[in-house]
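To keep things clear, I will list the structure first and then write my remarks on it.
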Amino acid sequence: LDRFKQVNDTLGHSTGDALLRQVGERLVRIVGDKEKVGRIGGDEFQVILPDKEDRGELGELAERIIAMISQPYTIEGSRCLIGASVGIAVSPFDGADVEQLVRNADLALYAAKHGGRGGFRFFSRELLQAAEQRKTLEEDLHDALERGQFALHYQPMVEARTNTVSGAEALLRWNHPTIGLVAPASFIGIAEESKLICRIGEWVLRKACADAAAWPGPLRIAVNVSPVQFIEPGFPALVANALAASGLAPERLELEITEGVFLAGSSTTEATFNALKSLGVRLALDDFGTGYSSLAYLKSAPFDKIKIDQSFVRGATVDGARNRAIITAIVALARALDMETTAEGVETFDQLDMVRGLEVSHVQGYIYARPMPEAEFLANATQ
Ligand code: C2E
Ligand code: CA
Ligand code: CA
Ligand code: CA
C-alpha cells in the first residue's frame, strides 16, 4: 500500500486495522478467491494465482487492483485515501520456488514504488542485476573514504560577458576497485540513506577548500552540499573550520544546495542560512526550476546565485519558445533580487549563443569543458 503509514499515524491503529481489513476484502472481491489472498505483514499483501502466466492479463489485473484500492474508504466517520503499487513475478521463469518468487516480486514492487507510486512492475533480470550492484555499492561505500577511492574533478564556471573562467564546481568521483568510475548519481542517494554523506561531504568540502586556496586570486570554488549534510547542526561550524584550516577567503567559497534542504523540514534551516551568511560564504540554489515551489525559497533564503537547470537549456533550442521564456523570467527575477545566474549543461554553440543572448551571468557545460582533474583545470584556467 502507498501512504498507508500516513493514514495509520494520523488516525490511529484501530482505523489502520479497519482499513487493512477493507483492503483485504476488496482484493478478495477482485481475485474471487479468499485462499489466494494473504497479508504478509505491515501494509503488504500477496496474491498467488496458480493458473495465470499471461503477462498482458496479469498487467491488466494489477491495474484493476490498483484502481480498486485507490477508491476512497469511509472508516469510523473518516474518509481515507490510500494507493497501491504492485510487483509481479511469474512462475517458473522468475523463481524456482515460492520463496524466490516472493523475493523477486518484492524487488519488482520496490522498483514500482521507486518509479512513482501507484504503478506495477514485472520482475526482470535487469532489476536483479541493478539490485545486486546497488548492494555491492552500498557495502563498498562504507570504507571507500578510508581507502582513498574518492577524487574531485573540477568543471570551469565561465563568466558569460567576458568569456573568462571565474572558478570551478567540484564534482565527486568514486573510483571503485572492480566496477571502475562510478557516477555520483549512482551513489550519492545511497550515501544519503545511511548518513555516510556527512563524512563524505566533509571530505569534499575540506579537499575543495584546500585545493582552491592554492589557486590564483579570484577563482571561486563551488561545492555541492547534500540536504542531509546541510541540516546537521554542526554544518556551519564545519564550513568555518574548513575555511580556517585551508586559509581560503570565505567569499571564494560557493555552496550549492537544492530545494531538498527546505523539504527536509528542519527547524534549524533558517539559523544555518544566517550562520553561513555571517561567515561570508556564497550560496547558490542548484537545479532551479525542477522542484515545486522554488519562488518561496528564493524569498526566504539569502542566495547569491541561481543555477538554471540543464533541462531548460536543453529544451531551449529545440522546443524553443517556452523554455526561453522561462530562462528569461528566471534571469529577470535573479537580477531584481541581485543574484547571479548560471546556465548549466550548455553543450552546443546554439545553446551558448542563446543563453548569452538571454543575459545569464555565468555558463557551465561541455561546450567549454567537462569536469576534469585539478591539474588540467588549472592549466586551462590560467593559460
Ligand atoms: P549537479 O550539481 O547539477 O552537477 C552538474 C552535473 O552535470 C554534473 O554531473 C556534471 O558533470 C554534469 N554536466 C556538466 N556540464 C554538462 C553538459 O554540458 N552536459 C551534460 N549532459 N552534463 C553536464 P555529475 O558530476 O555526474 O554529478 C551529478 C550530480 O551528483 C550533481 O548534479 C550533484 O547533484 C551530485 N554531486 C556531485 N558531486 C557531489 C558532491 O561532492 N556532493 C554532493 N552532495 N553531491 C554531488
Ligand atoms: Ca507501504
Ligand atoms: Ca551543482
Ligand atoms: Ca545542477
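In listed order, ligands and their atoms are each counted from 1. The structure presented is a predicted model; accordingly, all values stated were derived computationally and were not measured.
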Query - For P371, the ligand 1 atoms whose distance to one of its heavy atoms is below 4.0 Å - result: 11 (O)
Query raised in the report: Under the 4.0 Å line, does any protein heavy atom show up next to atom 32 (O) of ligand 1?
Result: no
**Report entry** the Ca ion (ligand 3) - closest N/O/S atom in E256
**Finding:** OE1
Query raised in the report: To which of I367, I257, V363, D286 does the heavy atom nearest atom 1 (P) of ligand 1 belong?
Result: D286
**Report entry** Interatomic spacing from CD1 in I66 to CD in Q71 - rounded to 0.5 Å
**Finding:** 13.0 Å
Query - Short N/O/S contact of D286 with the Ca ion (ligand 4) (below 3.0 Å) - result: yes
Query - Under-4.0 Å heavy-atom contact with ligand 1, by part of D287 that carries it - result: side chain
Report summary line: Value for CD (E192) from CZ (F187), rounded to nearest 0.5 Å, stands at 10.5 Å
Report task. Identify, by name, the N, O or S atom of D287 lying closest to the Ca ion (ligand 4). Result -> OD1
Query raised in the report: Is there any N or O on Q155 that sits under 3.5 Å from an N or O of ligand 1?
Result: yes
**Report entry** Derivation and outcome, side-chain contact (heavy atoms from CB on, under 4.5 Å), residues L248 and L253
**Finding:** CA-CA 8 Å; L248 183 74; L253 175 61; 4.0 Å; yes
Query raised in the report: For the Ca ion (ligand 3), which N, O or S atom of E169 is at the shortest distance?
Result: OE2
Query raised in the report: What do you reckon, does G345 put a non-hydrogen atom under 4.0 Å from ligand 1?
Result: yes
Query - E340 bridged to R161 by N-O distance under 4.0 Å - result: no
Report task. Going by heavy-atom distance to atom 43 (C) of ligand 1, choose the closest among I200, T258, N224. Result -> N224
Requested in this report: Would you mind telling me if ligand 1 is within reach of the side chain of L172, the backbone, both or neither, using heavy atoms under 4.0 Å?
Outcome: both
Query raised in the report: Would you say E169 touches ligand 1, if touching means a heavy atom closer than 4.0 Å?
Result: yes
Query raised in the report: At the 4.0 Å heavy-atom cut-off, does R370 count as touching ligand 1?
Result: no
Query - Option nearest atom 19 (N) of ligand 1 (shortest heavy-atom distance, choices E347, Q229, R173, K307) - result: E347
Query raised in the report: So is R314 in contact with ligand 1, going by heavy-atom distances below 4.0 Å?
Result: yes
Report task. Take F123 and L128 through the test side-chain contact (heavy atoms from CB on, under 4.5 Å) and record every step on the way to the result. Result -> CA-CA 8 Å; F123 168 79; L128 189 62; 3.9 Å; yes
Query - Any protein heavy atom < 4.0 Å from atom 25 (O) of ligand 1 - result: yes
